[in-house]
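Quick note on labels: first sequence line is chain A, next is B, and so on, each numbered from 1.
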Protein chains: 2
Amino acid sequence: MRLKDLAEHLGLSQTTVSRALNGYPEVNEATRRRVADAADQLGYRPNASALRLATGRAGAIGLVLRGADELGPHMSEFLSGVGSYMAGQEIDMLVSTVGSHQEELAAYRRLAASQKVDAVILHSPTVSDERAELLTELKIPFVLHGRTNIGQPVAWLDIDNTSALERATSHLLDLGHRRIALLNGVKGRTFAEHREIGYRAALTTRGVAVDPALLSNSAFTDEIAFRLAQAMLELKPRPTAFLAGSMMTALGVFRAIRQAGLQLGTDVSMIAHDDVFPYLNADNMYPSMSTTRSSIRQAGTRIAELITQILAGKPQADVHELWPVELVLRESSGPAPRA
Amino acid sequence: MRLKDLAEHLGLSQTTVSRALNGYPEVNEATRRRVADAADQLGYRPNASALRLATGRAGAIGLVLRGADELGPHMSEFLSGVGSYMAGQEIDMLVSTVGSHQEELAAYRRLAASQKVDAVILHSPTVSDERAELLTELKIPFVLHGRTNIGQPVAWLDIDNTSALERATSHLLDLGHRRIALLNGVKGRTFAEHREIGYRAALTTRGVAVDPALLSNSAFTDEIAFRLAQAMLELKPRPTAFLAGSMMTALGVFRAIRQAGLQLGTDVSMIAHDDVFPYLNADNMYPSMSTTRSSIRQAGTRIAELITQILAGKPQADVHELWPVELVLRESSGPAPRA
DNA sequence: AAACGCATTCAAAGCGATTTCAAATTTTGA
DNA sequence: TCAAAATTTGAAATCGCTTTGAATGCGTTT
């Protein structure tokens with residue numbers, strides 16, 4: 001069913017039908033209704049490629065994901081946040097996966113040259129992100145999930161990691177903890193740097209020295225966290241509290257704590273960062289988990305919204321959102337054990 | 001940079017340039033090289049929409065994912081498998097997320113009507129899958145990851161769940177277990193039904209009665225599995241072995257076992273299904289996990305390959321692959337404890 | 001030398017939508 | 001009542017590519 005067919009069926013010109021369907025004012029209300037009904041009944045939908053060619057808009061946004069690293073549970077949640085908004089906007093999500101950093105840059109160049117997307121979402125930036133630079137150079141609009149420092153201003157949405165970690169660390173200090181381990185994200189990522197800054201700030205304010213042995217940088221997986229935590233628990237004196245970078249990390253740390261014959265919440269405390277996964281509820285755990293909480297799904301939805309604003313003309317430089325992070329205290333964080 | 005610009009730059013017609021770039025035989029080898037070099041150097045890439053409109057091919061495949069259920073770690077792995085193949089084929093992945101079953105059907109209708117994709121991948125089918133019926137009706141080619149029973153023949157790739165569970169169950173029976181719990185997937189999904197069939201077959205062959213209290217159907221998450229396993233471990237007599245539907249499930253069961261003060265591998269055995277996640281290695285767990293193993297990522301890659309074959313003309317009815325599942329015995333499955 | 005075949009190249013017609021510009025019809029105002 | 005204005009419709013151009021059918025040039029054959 002092409003526009004032409006529909007027009008013939010109605011005894012109208014393509015022009016009028018097109019206008020009727022796209023809500024132009026110069027078409028008679030009766031005609032519009034007639035057209036709309038027919039389109040509806042015959043299940044007409046404009047051919048996407050033709051529409052895109054004619055309008056010059058791709059009607060899609062791009063997401064380039066680096067293999068296994070990024071396509072984990074975090075990205076899934078984020079994606080469905082983005083998707084839930086985009087579905088209502090008739091904007092598609094074009095997802096590419098790449099193996100290496102080089103491949104990723106090449107993928108953006110391809111997207112730009114073939115004009116497959118109107119904008120992209122950039123995820124997990126480094127402190128000075130090369131991809132962000134490339135995208136500004138290619139003049140393809142984007143919203144950054146996180147922050148970075150490049151010459152140009154960029155549109156971004158981030159959570160306040162520094163303050164979150166500062167408060168979480170301070171709270172543990174208040175509870176008497178002095179050996180506080182930080183299982184942080186991969187070195188070089190902005191969020192990980194920000195978290196470390198908050199952590200250090202809280203410690204230094206209290207005059208507690210930072211022990212490098214209690215600092216680690218890694219991907220957020222159960223397994224890796226298990227090993228790191230296990231190693232740290234063998235230190236003398238051992239840490240009495242953990243700051244876990246994600247809920248997956250928290251699961252690993254939890255295993256290590258039990259394995260060491262210790263009790264979470266009494267022998268060892270933990271505050272984990274919770275991106276809010278529907279299938280992994282901090283409140284339902286035993287003991288329930290204290291968290292710094294911020295919904296990554298909501299961030300996705302909001303970023304999708306920001307993208308449509310940018311496509312509607314809002315300057316990228318005006319798009320900045322820093323979301324506060326809740327500190328939710330539950331059973332996993334208790335007073336430090338007596339020395 | 002449009003084809004026209006490139007052609008003018010070279011002093012050739014669009015026709016010749018297009019042919020040169022697309023490898024048609026009737027263009028002079030010297031010309032072809034000259035064109036290719038210029039295209040390369042100027043970074044020319046055909047406008048995707050124009051190309052699609054002209055060829056009638058969308059150059060994309062669709063994946064419609066149901067919100068939180070499906071966008072978990074399994075889908076992530078699967079997706080990156082698909083993506084790794086598609087990247088080389090210049091085929092995009094169009095990902096939509098939907099909330100309800102109705103929305104999902106509507107999404108397929110939209111994809112079909114607007115001709116945004118050449119084919120789709122269907123995931124986690126039910127025994128008689130409505131989506132598969134709709135897609136055949138809409139005449140949009142698809143490959144099913146799993147199996148279903150509808151009137152028409154469909155293209156599918158599946159793993160041999162029945163045999164996997166039959167062997168795993170038999171092995172546990174050999175070890176003397178008689179109370180074997182099955183933490184299965186959501187009721188109605190083909191793979192879950194197949195697994196139950198294998199499980200029942202093994203038990204009945206040995207004359208062991210199936211206890212409904214040891215059978216559960218649910219999503220594969222750590223948390224849910226934890227609760228189910230916890231409840232089952234309180235039964236008298238308690239199960240001495242668990243068949244876990246996924247590695248996430250296994251983590252939950254593991255927690256429940258420890259929580260009950262039991263030892264995995266001696267007091268209680270477990271064999272989990274392992275879809276092979278890069279960040280969750282069965283071999284690295286303590287104790288290492290016995291598994292029925294099949295890489296969901298490889299399945300994704302292969303399905304991508306099958307899709308391109310179908311798009312190249314291979315009849316859908318000829319595409320059937322049933323992959324065997326490895327049974328990998330490690331420390332988590334041991335002899336049944338003395339009664 | 002005319003005719004033929006072959007290898008290359010090109011002009012122009014699609015693909016299916018939007019949009020410009022012009023035409024037809026109806027309404028309005030004097 | 002008739003010209004002017006407002007409303008409604010349509011023909012054709014356009015988006016950037018592929019592809020059909022025709023044309024060009026050149027060496028070979030008759």
Side-chain angles (χ1 to χ4, degrees), chain A residues 1-36 38-39 42-60 90-92 110-118 311, chain B residues 1-36 38-39 42-60 90-92 110-118 311:
Chain A
M1 169 64 50
R2 299 166 305 163
L3 180 61
K4 191 176 176 185
D5 302 325
L6 181 58
E8 279 170 7
H9 174 84
L10 285 161
L12 288 170
S13 73
Q14 299 189 34
T15 313
T16 304
V17 176
S18 171
R19 279 178 176 146
L21 293 174
N22 291 303
Y24 282 72
E26 63 268 64
V27 38
N28 187 299
E29 203 46 51
T31 316
R32 183 195 306 288
R33 191 173 319 279
R34 204 161 65 89
V35 172
L42 297 172
Y44 167 79
R45 303 210 99 227
N47 176 296
S49 309
L51 191 151
R52 289 164 179 183
L53 180 56
T55 59
R57 275 173 281 114
E90 303 262 356
I91 295 185
D92 301 320
R110 271 208 309 277
L111 283 181
S114 56
Q115 299 164 72
K116 277 181 183 166
V117 298
D118 295 317
L311 292 180
Chain B
M1 168 66 48
R2 299 164 305 164
L3 180 61
K4 191 176 175 187
D5 303 324
L6 181 58
E8 280 171 5
H9 175 85
L10 286 161
L12 288 169
S13 73
Q14 298 189 37
T15 312
T16 304
V17 175
S18 171
R19 279 179 173 144
L21 293 175
N22 291 306
Y24 281 71
E26 62 267 64
V27 36
N28 185 299
E29 203 46 51
T31 315
R32 183 194 306 286
R33 191 173 318 279
R34 205 161 64 90
V35 172
L42 296 171
Y44 168 79
R45 306 210 97 227
N47 176 296
S49 310
L51 190 150
R52 289 164 179 183
L53 180 56
T55 59
R57 276 174 281 113
E90 302 262 356
I91 294 185
D92 300 320
R110 271 208 309 277
L111 283 181
S114 55
Q115 300 164 71
K116 277 182 184 166
V117 298
D118 296 316
L311 291 181

Separation of [X] atom [atom1] from [N] atom [atom2], in whole Å?
{"X": "B/Arg34", "N": "C/dT8", "atom1": "CZ", "atom2": "C1'", "value": "13 Å"}
{"X": "B/Leu51", "N": "D/dC15", "atom1": "CG", "atom2": "C1'", "value": "14 Å"}
{"X": "A/Gln14", "N": "C/dC15", "atom1": "CD", "atom2": "P", "value": "11 Å"}
{"X": "A/Arg52", "N": "C/dA17", "atom1": "CZ", "atom2": "C1'", "value": "12 Å"}
{"X": "A/Leu12", "N": "D/dT7", "atom1": "CG", "atom2": "C1'", "value": "15 Å"}
{"X": "A/Arg2", "N": "C/dT18", "atom1": "CZ", "atom2": "P", "value": "14 Å"}
{"X": "B/Leu10", "N": "C/dT8", "atom1": "CG", "atom2": "P", "value": "17 Å"}
{"X": "A/Asn47", "N": "C/dT18", "atom1": "CG", "atom2": "C1'", "value": "13 Å"}

Should the heavy atoms of other residues, nucleotides or ligands under 6.0 Å from CZ of A/Arg110 be counted, would the total exceed 12?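 Correct, the count exceeds 12.
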Within 6.0 Å of CZ in B/Arg57, more than 12 heavy atoms from elsewhere: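 For B/Arg57, atom CZ is not crowded (no more than 12 foreign heavy atoms under 6.0 Å).
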Any N or O donor-acceptor pair linking the side chain of A/Thr15 to the base of C/dT18 at under 3.5 Å?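 Looking at the base of C/dT18, it does not pair with any donor or acceptor on the side chain of A/Thr15 (distance under 3.5 Å).
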Heavy-atom donor-acceptor pair, A/Arg19 side-chain to D/dG10 base, under 3.5 Å: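 Under the 3.5 Å cut-off, the side chain and the base do form a donor-acceptor pair.
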Using every non-hydrogen atom in the two residues, find where [X] and [Y] come nearest and quote the distance to one decimal.
{"X": "B/Tyr24", "Y": "B/Arg32", "answer": "O-NH2, 2.7 Å"}
{"X": "B/Leu53", "Y": "A/Ala50", "answer": "CD1-CB, 3.8 Å"}
{"X": "B/Ser49", "Y": "A/Arg52", "answer": "OG-CB, 3.3 Å"}

Nearest listed nucleotide, side chain of [X], among [options]:
{"X": "B/Thr16", "options": "C/dC10, D/dC17, D/dT9", "result": "C/dC10"}
{"X": "B/Ala54", "options": "C/dC15, C/dC10, C/dT19", "result": "C/dC15"}
{"X": "A/Leu53", "options": "D/dT9, D/dG16, C/dT8", "result": "D/dG16"}
{"X": "A/Tyr24", "options": "D/dC17, C/dT18, C/dT19", "result": "C/dT19"}
{"X": "A/Leu3", "options": "D/dC17, C/dA17, D/dG10", "result": "C/dA17"}

More 5' along DNA chain C: A/Ala50 or A/Arg57, using each one's nearest nucleotide?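 On the 5' side of the pair lies A/Ala50.
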Phosphate contact ([N] OP1 or OP2) by [X] side-chain N/O below 4.0 Å:
{"X": "B/Asn28", "N": "C/dA7", "answer": "no"}
{"X": "B/Thr55", "N": "D/dT18", "answer": "no"}
{"X": "A/Tyr44", "N": "C/dA17", "answer": "yes"}
{"X": "A/Thr31", "N": "D/dT9", "answer": "yes"}
{"X": "B/Ser18", "N": "D/dT18", "answer": "yes"}

Can you tell me how far the CG atom of A/Leu42 sits from the CG atom of A/Asp5, to the nearest 0.5 Å?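 It is 9.5 Å, given to the nearest 0.5 Å.
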Once you apply a heavy-atom cut-off of 4.0 Å, does B/Ser49 come out as touching a base, just sugar-phosphate, or nothing?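 Answer is nothing: B/Ser49 stays at 4.0 Å or more from every strand.
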